[in-house]
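What follows is a short report on a single structure.
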Amino acid sequence: MKLYEQFPVSITNSLSGKKEPFVPLNSPFVGMYSCGPTVYNEVHLGNLRTFTAFDVVYRYLSYIGYVVRYVRNITDAGHLTNDAGEGVDRIEESAKLEQLEPMEIVQKYTTSFHEICRIFNILPPSIEPTATGHIIEQIEMVKKIMANGYAYEVNGSVYFDVRRFMEKYKYGELSGRNIDELQEGTRELDRQDEKKNSIDFAIWKAVSPNHIQRWPSPWGEGIPGWHLECSAMGTKYLGKQFDIHGGGMDLKFPHHECEIAQNVGAFGTSPVRYWMHSNMLTVNGEKMSKSKGNSFLPRELFTGSHPLLNKAYSPMSVRFFMLQSHYSSTLDFSNEALSAAEKGYKKLSNALTTVKKLKFQPLGAEDHDLRSELNRLIDGCYLNMSDDFNTAKTLAILFEMASRINDWNSGKGTAVSEATFNRFKQTYIDFLEQVLGLREEEEHNQEMVDGIIQVLIELRKKARTDKNYALSDKIRDDLKAMGVQLMDGKDGSMSYSIE
RNA sequence: GGCCUCGUGGCCGAGUGGCUAGGCAGAGCUCUGCAAAAGCUCCUACGGUGGUUCGAAUCCACUCGAGGCCUCCA
């Protein structure tokens, strides 16, 4: 029996607003798409939360035996900030600011994004397609939508005809919009719009010749509409219908809504069976975003250089911090919360180091209560992750497991079978490292540091044997001042941890 | 204005109609030359007002408050 059969997954589907059993179209294969970054500047922590959330989805589904094809795009074609006309193209704007070619901007921040992902242990997707690499597919899709009568051309731009579309299909289903009210609210903004209706959106946008990024099309030179790339690439790599589509809550409307409309308009099929939306990271209760100026860059976190931080935090502490809440809840970012997370993570991490070294020590007859307790914890990891990827609850279980591990480490025997012991041990290691992606922190020059500390430990042992406590305390205190904590075992052994 | 979330103990945060979330902080204890780590114990909450129910923090209504989306945004 496969793990995914033993622990069936349920997902809160944004389409229905309800938690639904997850049934892939072609089990064990799972097609999953999530919206990647627009590479016009560095990703901030809010962006990272979403990438981390879907990284965990990808990791867990793979872990329990699904064969997942995970597509996460890179948006490297600029988009006008509004359809109405005079919007700004973020990539062009950055290029001007930094005096670089748009593709240099794209390259620079794609590289930076990959580096950040590596640091945060966010796995590379199976396919990472770029918008500029799929211009042809996008143009083809525009043609299909036009051929079906759901788009019209004006001055070299092509707009999706929402009213026309609604004669046959629903629009606004995902985000629960009422189109008449929507239109009411935005009418005044679009007075000189070339669109038939303000709710129509561009799927191809004409740009002037001084716009550097532009491509030829049947309608003249221009750029693809923002919503179009995900439709085109999702369809290309995952088919006209696939299992999971993820993204931040703020993309629900209009981005994802338009995506659905484009696919239905082109192929008559709604593309996604399970829509998942991760909630926002907030600062003092407000959404973290670049425009609000309250965003944190990963680098500011590692160095502690952000004005709102009073110290530096490690990437894994931050990852842990994010996993402590459910992806669908807002999460508030603060110094206090972060330092609490740092300590909590350290506890799990210590137990991870411990458990890897831990050997099975049989202790008499099997304790049935203990065995069922251990099994409860092991199953709990799966059950909670299968329950809409509840990382917060899973972490709570891992803490309980860590206590068990520490018990064993302090000499308490394990009155269970070796098989149970090993399964417990492996579950702890796997859920921490494979599923949640919390690996042990990388230490620089680890070998040398370790060597030096070992020398000091020897000296301190000698001092202690000689009852020269003044010296032994000095060694410990001085190391402590540098962030190295020595710990004395009962048997005279010494170990250390770096803070 | 429309649509939609959320409001949990000192802090962060899960959660279910009745049974201890968990972490951090704080108090005490065990261990220890002293520490640290670890273990044990304590701190027991669900914005407000009504209602449904044998029973609600969990369901419903209203209300207050905080956010999100409706324009680029993870």
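The basis for the numbers below is simple: all heavy atoms, side chains too, and nothing from hydrogens, waters or symmetry mates. Within every chain, numbering begins at 1; the chains are lettered A, B, ... in the order of the sequence lines, protein sequences first and strands thereafter.
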With [X] via ring pair (Phe, Tyr, Trp, His ring centres under 6.0 Å) - residues at least two apart:
{"X": "His306(A)", "result": "Phe296(A)"}
{"X": "Tyr496(A)", "result": "none"}
{"X": "Phe54(A)", "result": "none"}
{"X": "Tyr274(A)", "result": "Phe22(A)"}

Open item on the list: Distance check, P atoms only: G7(B) and C46(B), in whole angstrom units.
Closed with: 13 Å

Open item on the list: With rounding to the closest Å, how many angstrom separate the C1' atoms on C59(B) and U16(B)?
Closed with: 12 Å

So, [X] versus [Y]: side-chain donor-acceptor pair below 3.5 Å or not?
{"X": "Lys474(A)", "Y": "Tyr469(A)", "value": "no"}
{"X": "Ser386(A)", "Y": "Tyr60(A)", "value": "yes"}
{"X": "Thr75(A)", "Y": "Asn73(A)", "value": "yes"}

Open item on the list: Can you tell me which nucleotide in C12(B), C69(B), A74(B) comes closest to the side chain of Arg177(A)?
Closed with: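 Comparing C12(B), C69(B), A74(B) against the side chain of Arg177(A), the answer is C69(B).
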
TODO: Determine which bases of RNA chain B form Watson-Crick or G-U wobble pairs with both distances under 3.5 Å, and write the result as a 5' to 3' dot-bracket string with | for other-strand partners.
DONE: (((((((..(((.....[...))).(((((.......)))))....(((((..]....))))))))))))....

TODO: Report the distance from atom CZ of Phe321(A) to atom P of C11(B), rounded to the nearest whole Å.
DONE: 16 Å

- [ ] Measure from CG on Leu251(A) to P on C4(B) and round the result to the nearest Å.
- [x]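 It works out to 20 Å between those atoms.
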
- [ ] For Ser325(A), report the nucleic acid contact type (base, sugar-phosphate, nothing); a contact means any heavy atom under 4.0 Å.
- [x]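 Sugar-phosphate, backbone atoms only, no base.
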
- [ ] Select base, sugar-phosphate, or nothing to describe what Asp332(A) touches, counting heavy atoms under 4.0 Å on all strands.
- [x]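 Touches sugar-phosphate only.
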
TODO: Write down the atom of Ile91(A), the atom of Ala77(A), and the distance for their closest heavy-atom approach.
DONE: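 Shortest heavy-atom contact: CD1-C, 3.7 Å.
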
Looking at [N], I'd like to know if its phosphate oxygens (OP1 or OP2) sit under 4.0 Å from a side-chain N or O belonging to [X].
{"X": "Asn390(A)", "N": "G15(B)", "value": "yes"}
{"X": "Asn406(A)", "N": "G39(B)", "value": "yes"}
{"X": "Lys252(A)", "N": "C70(B)", "value": "no"}
{"X": "Lys292(A)", "N": "G68(B)", "value": "yes"}

So, using salt bridge (Lys or Arg N to Asp or Glu O under 4.0 Å) as the criterion, who are the partners of [X] when residues are at least two apart?
{"X": "Lys170(A)", "answer": "Glu173(A)"}
{"X": "Lys96(A)", "answer": "none"}
{"X": "Asp161(A)", "answer": "Lys196(A)"}

- [ ] Look up atom CD1 in Ile475(A) and atom NZ in Lys461(A), then write down how far apart they are to the nearest 0.5 Å.
- [x]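 Interatomic distance, Ile475(A) CD1 to Lys461(A) NZ, rounded to 0.5 Å: 12.0 Å.
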
Task: Distance, nearest 0.5 Å, that separates CD1 of Ile122(A) from CZ of Arg319(A) - done: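 Reported to 0.5 Å precision, the distance equals 6.0 Å.
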
TODO: At under 4.0 Å between heavy atoms, which parts of nucleotides 30-37 of chain B does protein reach? Answer with one letter per nucleotide, 5' to 3': B base, S sugar-phosphate only, - none.
DONE: -S-BBBBS

TODO: Determine, for nucleotides 19-28 of chain B in 5'-to-3' order, which nucleotides have protein heavy atoms under 4.0 Å from the base (write B), from only the sugar-phosphate (write S), or from neither (write -).
DONE: --BBSSS---

- [ ] With RNA chain B as reference, determine whether Gly285(A) or Gly176(A) sits nearer its 5' end, using the nearest nucleotide of each.
- [x] Gly176(A)

- [ ] Under the side chain to side chain contact (heavy atoms under 4.5 Å, CB included) rule, collect the residues that match up with Pro315(A), sequence neighbours excluded.
- [x]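 Partners of Pro315(A) by the side chain to side chain contact (heavy atoms under 4.5 Å, CB included) criterion, ordered by chain and then number, come out as Ile119(A), Phe120(A), Phe302(A), Glu441(A).
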
Task: Stretch residues 41-55 of chain A: residues that reach within less than 4.0 Å of RNA chain B through a heavy atom - done: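 Residues of residues 41-55 of chain A that come under 4.0 Å of RNA chain B are, in numerical order, His44(A), Gly46(A), Asn47(A), Thr50(A).
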
